[in-house]
Every structure is written in structure tokens, then in C-alpha cells.
Protein chains: 2
Amino acid sequence: MSNDSHILGLLPSRLKEARRQQGLSLDAVAKLSGVSRSMVSQIERGESSPTIATLWNLTKALQVDFAGLLEESTTADRIEVLRDGQVPTIENRGEGCSIRILSPPEDAGKHEIYDIHFAPDGELDSNPHTRGAREQLSVIDGCVDITSGEATQRLGAGDTARYAADVTHCIRAVGGPARVFLVVRDA
Amino acid sequence: MSNDSHILGLLPSRLKEARRQQGLSLDAVAKLSGVSRSMVSQIERGESSPTIATLWNLTKALQVDFAGLLEESTTADRIEVLRDGQVPTIENRGEGCSIRILSPPEDAGKHEIYDIHFAPDGELDSNPHTRGAREQLSVIDGCVDITSGEATQRLGAGDTARYAADVTHCIRAVGGPARVFLVVRDA
DNA sequence: CGCCTGATTCCGTTATTTTGGATTTTTTCC
DNA sequence: GGAAAAAATCCAAAATAACGGAATCAGGCG
């Protein structure tokens with residue numbers, strides 16, 4: 001879509017700008033980065049899709065942030081509304097929980113926000129997320145047990161817990177239905 | 001060098017985790033992304049340095065953020081609990097609202113999570129945050145009006161809104177008390 | 001104008017990625 | 001246990017990124 005190749009289309013100009021801003025010639029960054037002049041030229045002109053290895057070398061030479069180089073330039077200025085009925089929901093009847101996905105798809109991998117409703121004794125088991133990921137959970141209604149790795153804690157309404165999500169972890173409603181707000185922060 | 005392959009060395013495992021987490025096989029992501037099974041396997045095993053084009057396709061298929069995939073990581077390992085009564089709370093900062101700060105102090109400036117209770121006609125005015133900051137707001141109870149810059153939207157229970165927070169913005173309860181969950185993501 | 005200096009692009013060669021199918025390994029089910 | 005199915009890996013060709021030198025382009029000066 002417009003978004004997809006947008007970054008790839010933006011990347012060349014960003015690199016070129018970074019180089020120009022430091023008053024460097026192709027030859028100069030070639031020597032600094034170990035990438036040939038020709039390659040730098042082709043990349044800056046969008047005629048070649050660099051490997052991440054060479055791109056990494058360029059970012060070092062140009063002193064730009066690898067991740068930041070590929071960030072979206074989100075300068076939106078409107079309110080995006082997701083109505084109650086339109087919220088993407090994962091029903092998990094066997095486990096007795098339904099997961100409402102509140103965060104936008106483009107944030108997946110960085111930031112995910114969920115509104116989770118548990119039936120009595122409902123349970124949500126999760127495999128480890130990316131290394132370093134952490135979750136923050138706030139109980140809106142009911143009572144739940146949280147397990148992260150070896151540790152377990154019981155939370156009531158109003159309580160909040162933060163824990164590592166890069167290990168197997170689990171949320172389980174106890175003594176009735178429950179509702180929690182879950183924010184996953186990937187590393 | 002020592003630093004060179006740090007991220008590059010992490011990338012394979014992160015991709016693999018992302019795939020596993022969704023229960024996808026190599027073949028499945030191959031079909032989704034248009035990248036051959038063999039390539040995905042090689043990349044996940046660190047035996048090949050993908051071009052950004054193919055890596056981009058993988059991120060789309062795996063629904064992970066391109067930039068986030070290359071971020072540094074930090075790890076911890078216990079459950080940190082904040083009891084209902086212990087939550088730091090700001091009373092009446094706007095008019096007729098109390099703000100419960102759920103996110104840890106060390107995350108201030110990056111991500112902040114709030115649980116906000118409004119009295120009838122309660123209001124919270126905020127000055128612009130750092131440039132590029134965005135807020136995501138979910139209504140738990142009641143009804144609120146959101147204003148971000150020029151735009152205004154009315155939300156009811158269950159609705160979610162996302163909007164720019166680097167302009168003056170405002171949340172106001174209408175027709176009675178309200179409760180919302182607010183996640184601020186600073187740029 | 002003609003020449004020189006520096007930067008960028010073009011081109012043939014080499015190295016690496018990417019692919020599709022064959023092979024091996026793992027899982028599942030009887 | 002053993003067979004069938006699925007998943008992951010290995011292995012050839014094909015495609016393409018990467019390199020180094022030659023050709024082209026853009027200014028500045030005698």
C-alpha cells in the first residue's frame with residue numbers, strides 16, 4: 001500500500017541527506033563505512049536494496065540511528081476513533097477469555113494494548129514475547145492470578161502489576177469473572 | 001568489530017520468536033511474505049544477511065515493527081505489584097478529575113499509563129507533549145469528548161481513540177461521571 | 001576556451017542472496 | 001515401535017547486491 005514501500009522509498013533520500021549534512025562525499029563515506037562508493041551511490045538512488053549488514057555499516061559511518069532510520073514520519077493530525085463494536089476481538093471460548101485489541105496494527109511489535117474479559121476461571125496463557133518485553137496489567141473488575149516465569153501474584157480490582165513478558169506467563173481469573181487492561185511493551 | 005553484529009546477531013532470534021508466537025510454520029510465513037522458506041530459515045539461523053526489502057516483507061507478514069525489530073533490549077525478572085491504595089494519584093489537577101499513575105517513574109518520557117476518573121463535567125486540559133507524541137484513550141465507563149488540536153470526537157463506553165498529543169488536547173466528561181484508560185506514547 | 005580537480009555515475013566482474021525442489025529431521029497418530 | 005505428515009534444512013541453479021576501475025559530469029582557474 002502507500003505505507004508499505006513508503007519507508008523503502010524514503011530511505012535513500014534520508015541516507016543522502018545524512019551524508020550531505022556532514023559534508024561528506026561518496027568516497028568519504030565509502031572509506032568510513034567500508035561500503036564501496038558505487039554501492040552507496042546506488043543505494044542513495046534507490047537502485048539497490050542493501051543488505052542489513054551494509055546498511056548497518058552505513059549507519060555507523062553516518063552516525064544515524066539504525067532503528068530511527070526506518071521509523072514512520074507520523075505527523076497525523078486527526079482523531080482516530082475505534083467504536084465499541086468495531087474493536088478487533090479474539091474470542092477464546094475454551095479458555096474463557098475474550099481479547100479486545102485496542103492498539104493499531106502498525107504498533108505491533110512495539111506496543112500492544114488489550115482489554116481482556118475473563119469468564120469465571122477463564123485463563124490466558126502466553127508464550128514468551130520478544131526478548132526484554134514487559135507487560136503492565138491493571139485490574140478493572142474481579143480478581144486474577146498472574147504468573148510470570150516462576151513468580152505468581154494475586155491482584156484485585158484497582159491493583160496493577162508489571163512483569164517480564166519474555167518468559168511464559170499467564171493470567172487467570174479467580175472467584176468469578178474479571179476484566180483487565182493489559183499493556184505490552186516490547187523491547 | 002564487537003559492536004557490529006550485536007543487533008544483527010539478535011535479529012534472527014527475534015524473528016523466529018515472532019513467528020513461533022503466532023504458531024506459524026516457515027512455509028506459512030513464506031506464503032504470507034513472499035519470501036522463500038529456505039530464506040526465512042537461513043535468516044532465522046543467522047546464515048544470511050537479508051536485504052531490507054525481504055526483511056520488510058517479513059515484518060509485514062509477522063506484524064512486527066520494522067524499526068522496533070532493531071531496537072536495543074533490557075531485561076528484568078519479577079512481578080512488581082502496585083496495590084490499589086498505593087497508586088500515586090493526582091487529585092483535581094484539571095477540574096473534577098483524579099489521575100492514577102500506573103506506569104513506573106523510570107518510564108516517564110517514554111510511555112505513561114493513566115487510569116483517570118472524572119466527576120460529572122470533569123475536565124482535563126493538557127499542554128502539548130514532546131513532538132510526535134500520541135495518546136490512546138479507551139473509555140471504561142461514561143461518555144467523554146476528546147479534543148486534539150482542531151478536532152473533537154465523542155466517545156462512549158468501549159470506544160477507543162488515538163490522536164496526536166503534541167498539540168493542546170483535552171478530555172471532558174459529558175452527562176455524568178466517566179472513567180478512561182489513557183496510554184501516552186512519547187516520540 | 002581548455003584544463004584540472006573532485007564528485008558521481010556507469011560497467012564488467014565477483015561475491016552473496018534468493019529461490020524451488022530434494023533431503024533430512026521432527027511431530028503425530030495409529 | 002512404525003508409518004504418515006509436517007516442518008525444517010540442505011543443495012543445486014538464477015538473480016541480484018557489492019566491488020573496483022573507467023567514463024561522465026560539475027565547477028574553478030589560468
Side-chain angles (χ1 to χ4, degrees), chain A residues 4-64 66-67 69-70 94 125-131 168, chain B residues 1 3-64 66 69-70:
Chain A
D4 287 9
S5 52
H6 202 210
I7 297 285
L8 281 69
L10 245 54
L11 189 133
S13 49
R14 287 189 181 178
L15 282 175
K16 186 165 192 171
E17 202 183 329
R19 178 171 63 86
R20 279 273 159 75
Q21 198 163 340
Q22 299 186 38
L24 296 173
S25 70
L26 286 177
D27 201 55
V29 303
K31 285 193 183 70
L32 279 172
S33 64
V35 180
S36 72
R37 311 130 238 238
S38 326
M39 199 67 249
V40 181
S41 177
Q42 285 187 36
I43 293 171
E44 284 187 354
R45 308 201 302 142
E47 290 185 358
S48 183
S49 177
T51 64
I52 57 169
T54 63
L55 184 57
W56 175 262
N57 290 330
L58 283 178
T59 59
K60 273 199 312 178
L62 293 172
Q63 298 177 318
V64 298
F66 199 147
L69 195 58
L70 304 152
D125 290 297
S126 303
N127 290 323
H129 300 187
T130 58
R131 178 99 58 112
T168 54
Chain B
M1 329 302 177
N3 213 349
D4 285 10
S5 51
H6 190 211
I7 300 283
L8 280 66
L10 245 54
L11 189 135
S13 49
R14 289 190 180 178
L15 282 174
K16 188 166 190 171
E17 271 185 57
R19 177 172 63 85
R20 279 274 163 75
Q21 194 167 337
Q22 299 185 38
L24 296 173
S25 68
L26 286 178
D27 202 56
V29 305
K31 286 194 183 68
L32 280 172
S33 62
V35 180
S36 71
R37 312 142 246 257
S38 325
M39 198 68 250
V40 181
S41 177
Q42 285 188 36
I43 293 172
E44 285 186 353
R45 306 202 300 144
E47 292 185 358
S48 183
S49 177
T51 63
I52 58 167
T54 62
L55 183 57
W56 176 263
N57 290 331
L58 284 178
T59 60
K60 273 198 311 182
L62 292 172
Q63 298 178 313
V64 298
F66 200 148
L69 195 56
L70 304 151

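These numbers come from a predicted model, not from an experiment. Naming: A, B, ... by sequence-line order, numbering from 1 per chain.
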*Taking any atom under 4.0 angstrom from a heavy atom of chain A, which nucleotides of DNA chain D are the first and last to qualify, 5' to 3'?*
dA17(D) to dG21(D)
_So, using salt bridge (Lys or Arg N to Asp or Glu O under 4.0 Å) as the criterion, who are the partners of R45(B) when residues are at least two apart?_
E47(B)
*asked:* Testing the basics here: between P12(A) and G46(A), what is the closest heavy-atom pair and its distance to 0.1 Å?
replied: CG-CA, 3.9 Å
*asked:* At a heavy-atom distance below 4.0 Å, what parts of residues 32-51 of chain A sit against DNA chain D?
replied: G34(A), V35(A), S36(A), S38(A), M39(A), S48(A), S49(A), P50(A), T51(A)
*Sugar-phosphate means primed atoms, P, OP1 and OP2; the rest is base. With that split, encode nucleotides 24-29 of chain C 5' to 3' as B, S or - using protein heavy atoms under 4.0 Å.*
------
*asked:* If the condition is salt bridge (Lys or Arg N to Asp or Glu O under 4.0 Å), which residues does E44(A) pass it with, not counting sequence neighbours?
replied: R19(A)
_Side chain to side chain, T168(A) and D125(A), heavy atoms closer than 4.5 Å_ = no
*N57(B) CG - dT17(C) C1' separation (whole Å)*: 14 Å
_Nearest-0.5 Å distance that lies between atom CG in L11(B) and atom CD1 in I52(A)_ = 5.0 Å
*For the pair made of CG in L26(A) and C1' in dT5(C), what is the distance, rounded to whole Å?*
16 Å
*Distance from L32(B) atom CG to L62(B) atom CG, nearest 0.5 Å?*
8.0 Å
*Do you know which of L15(A), N57(A), L24(A) makes side-chain contact (heavy atoms from CB on, under 4.5 Å) with V29(A)?*
L24(A)
*Can you check whether T51(A)'s main-chain N or O pairs, donor with acceptor, with T51(B)'s side chain at less than 3.5 Å?*
no
Tabulate below the donor-acceptor pairs under 3.5 Å that side-chain atoms of residues 35-42 of chain A make, not counting sequence neighbours, or state none.
{"from": "S36(A)", "atom 1": "OG", "to": "M39(A)", "atom 2": "N", "distance (Å)": "3.2"}
{"from": "R37(A)", "atom 1": "NH1", "to": "D27(A)", "atom 2": "OD1", "distance (Å)": "2.9"}

